[in-house]
Amino acid sequence: MRFNFPVVIIDEDFRSENASGVGVRALAKAIEAEGVEVIGVTTYGDLSSFAQQQSRASAFILSIDDEEIIEGDDTGAALAALRSFVHEIRRRNADIPIFLYGETRTSSHIPNDVLRELHGFIHMFEDTPEFVARYIVREARAYLDALAPPFFRALTHYAQDGSYSWHCPGHSGGVAFLKSPVGQMFHQFFGENLLRADVCNAVEELGQLLDHTGPIAASETNAARIFGADHLFFVTNGTSTANKIVWHYMVAPGDAVIVDRNCHKSVLHAITITGAIPVFLMPTRNHYGIIGPIPKSEFEPASIKRRIAAHPLLRGRDAGKPRVLTLTQSTYDGIVYNVETIKKLLDGVIDTLHFDEAWLPHAAFHGFYRDMHAIGGVEPRARTKVSMVFSTQSTHKLLAGLSQASQILVQDSEVESLDRFQFNEAYHMHVSTSPQYAIIASCDVAAAMMEPPGGTALVEESLVEALAFRRAMRKVEAEYRDSWFFSVWGPEHFADDDAPRREDWMLKAGERWHGFGELAPGFNMLDPIKATVITPGLDVDGRFAEHGIPAAIVTKYLAEHGIIVEKTGLYSFFIMFTIGITKGRWNTMVTELQQFKDDYDHNRPLWRVMPEFLRANAHYETKGLRDLCNEIHAEYARHDIARLTTEMYLSEMEPVMSPAQAYAKMTHWEVERVPIDALAGRVSAVLLTPYPPGIPLLIPGERINATIVNYLKFARGFNAKFPGFETDIHGLVKQKANGATEYFVDCVTGG
């Protein structure tokens, strides 16, 4: 399959009529005669921006004229520009061919630090343009042929070989869609290649995902090398499935397991499926609703032993060594742990250390995150002596995978290695026998993209852009002086350098900005690429201002202006600086937030500033933007909702039965649908998960306390009063009765 990667020529004489210009255009014509596009430009322009074009090019030809090189002087402007450009290219791409093109000077006139990065030195007029073109095109094609990682290469070859399909899926390479008008639309939208590449596991030359054979196995091995893991497995059903696979490999009914209370609901599903008894470690939390770290003291072996001994379902029996620790690394808002510290504390104390790194797959590729991720990295990592280490990662969240593209990384300990056969039994229980091959290919490519130096440069650029956004927001905030603006949650002071200074982002004890209290030194850090924007109206201590701007209104406003955020809290919303974020995107965010401020300050009518929202919620028609903000803010303040939600999540939960036992009650219909007002003291049969923040509040088998009931009553009243801004609580049953919406929770019968 031919891909379009042009040869880029940079020569100030490219459009000139002098001998140099005629010569370089003759070379360009000869290259095009070989079937390769040529792009000719006359200057480097902004070096950093232009060097990013390496992702679209197959080779660079850089011209430097005789008069631009002064013998014995490597400080001239032309040579300095050349050196800078080559450095920027090589910082991102170690392999793309770079040729130097000149008249009579030789390589002896070029400093060695530049020369060693070149693929060749072309002398004008010594060979025919056709001969030189063939040489350049050969090197460019060799570079492109080596680019594709194993599975992606095999899939592109298969999709292009014209084989007739007699296997699933039924659209037969897209042909079925061509037989229907709406199918034609679908085909035109997604394109031939995606549909030809949508094949079933009967295609032997592509290998098997379930058995890890063929090109798929080669790709997983390649990704393991890139990520620094002993084993790596692609997962096409998201990290939710990856978590369940790890647990089903390690955990059996009745096992004691240590779990971060701030875990993804898939971990709680894994607890239910395996029949484990969870012992939770409680994270800190501030009144913005931002979940902080579990204190280091909670990871001490003696502390874990006490928690197990005090657990109502484990008390009085020998629970043995905990089977697994699952820790959220990083949190939604970017708090990460020093993994090396945790390994030293718990190696051999817990059988398996599992880090849910759905939001942290980038960390292995930059020294800024040293020791703050589970496996691999830019520096060598010591193996654990006894406990195996697992990491589950969402390549689709912060890398370049398609949705649901995830992976499981494994590091063997000194005494225990992964049993791949037994592991694959758990793998088979959860992955589809009909995986989407485009997702597998994106796992393959996402890993290949992170191969240093390219991956390091991508992460570096994410960090740089995130810091630039934070500085821009602070600049705007400062210029408004006595007025208001949005802020970005993070340390009060950080260096003005482009690259982040790690020490600035370490969480220190007692700092008011984070509000997490007394933290151990060097144990936690904020990942700068996770940016939580704080809206006015609430401080970190939970005090409400006279006026405020609830974040839900801001994010609905932004959505109408083409900006979709990741998560919305009471007075905060969350955005991520993934490797796909650009200056244009974050500058647009800053601009739109300023526009929101202007519309708010002038109390412009909702029909004008949020017309889509108003069409669905016509009863707000007479209100201005500030009016709506004030009404919802007053409702939050009246119920002291920031403190209520903090107390709700930090309140003591009483386990009455295991999650598996409670779920069994539900499958046998031994449950009652209990109205909110009668919930206090009942035992939940379901996961109760408010969005935001999407962290389970209750798990099956836990008793519902009065604080939770108060929160549910608030949500009921708020949803009735402010339609369009409803709090979504998974596990809460809504039913219409007598013209009103009633809320229920399924509880264990008699519990």
Please determine if Lys530 forms a cation-pi arrangement with Phe574, meaning its NZ or CZ atom is less than 6.0 Å from the six-membered ring centre and no more than 45° off the ring axis. no

Please say whether the positively charged group of Lys597, taken as NZ for Lys or CZ for Arg, lies over the ring of Tyr480, i.e. under 6.0 angstrom from the six-membered ring centre and within 45 degrees of the axis. yes

Measure up the His231 and Phe233 rings against each other and bin them: parallel (under 30°), tilted (30 to 60°), perpendicular (over 60°). parallel

For the pair Trp505 and Phe494, name the ring-plane relationship: parallel under 30°, tilted 30 to 60°, perpendicular over 60°. tilted

Can a salt bridge be assigned to the pair [X] and [Y] using a cut-off of 4.0 Å between side-chain N and carboxylate O?
X: Arg56; Y: Glu37; result: no
X: Glu461; Y: Arg92; result: yes
X: Arg90; Y: Asp113; result: no
X: Glu88; Y: Arg91; result: yes

How far apart are the C-alpha atoms of Arg153 and Asp145, what are their side-chain angles, what is the distance that settles it, and do they pass the salt bridge (charged side-chain N to carboxylate O under 4.0 Å, His left out) test? CA-CA 9 Å; Arg153 176 183 293 127; Asp145 287 343; over 6 Å; no

Counterpart residues, ring pair (Phe, Tyr, Trp, His ring centres under 6.0 Å), relative to Phe5 (two or more places apart): none

Between [X] (side chain only) and [Y] (backbone N and O only), is there a donor and an acceptor less than 3.5 Å apart?
X: Gln393; Y: Thr395; value: no
X: Gln407; Y: Ser391; value: no
X: Asn243; Y: Ser266; value: no
X: Gln329; Y: Leu360; value: no

Report the residues that fulfil side chain to side chain donor-acceptor pair (under 3.5 Å) with Lys343, sequence neighbours left out, ordered by chain and then residue number. Glu340

Who are the side chain to side chain donor-acceptor pair (under 3.5 Å) partners of Glu139, not counting sequence neighbours? none

Quick check: [Y] with [X] (ring centres under 6.0 Å apart)?
X: Phe365; Y: Phe227; result: yes
X: Phe60; Y: Phe85; result: yes
X: Phe577; Y: Phe469; result: yes
X: Tyr369; Y: His362; result: yes

Set out, in order, the CA-CA distance, both residues' side-chain angles and the distance that settles side chain to side chain contact (heavy atoms under 4.5 Å, CB included) for Cys629 and Tyr600, then state yes or no. CA-CA 9 Å; Cys629 288; Tyr600 172 91; 3.8 Å; yes

Examine the side chains of Asp539 and Tyr571 and answer whether a donor and an acceptor come within less than 3.5 Å of each other. no

Between Asp527 and Trp359, do the side chains contain a donor N or O and an acceptor N or O under 3.5 Å apart? no

Could you walk me through whether Phe99 and Phe121 satisfy the ring pair (Phe, Tyr, Trp, His ring centres under 6.0 Å) test, starting with their C-alpha distance in whole Å, then the side-chain angles of each, then the deciding distance to 0.1 Å, before giving a yes or no? CA-CA 6 Å; Phe99 301 93; Phe121 196 111; over 10 Å; no

Step-by-step salt bridge (charged side-chain N to carboxylate O under 4.0 Å, His left out) determination, Lys475 to Glu479: CA-CA 6 Å; Lys475 176 178 176 290; Glu479 288 177 354; 2.9 Å; yes

Under the salt bridge (charged side-chain N to carboxylate O under 4.0 Å, His left out) rule, what do Arg225 and Glu451 come out as? Steps first, then yes or no, please. CA-CA 9 Å; Arg225 175 187 62 82; Glu451 178 99 59; 2.8 Å; yes

Should we count CZ of Arg481 as having more than 12 external heavy atoms under 6.0 Å? no

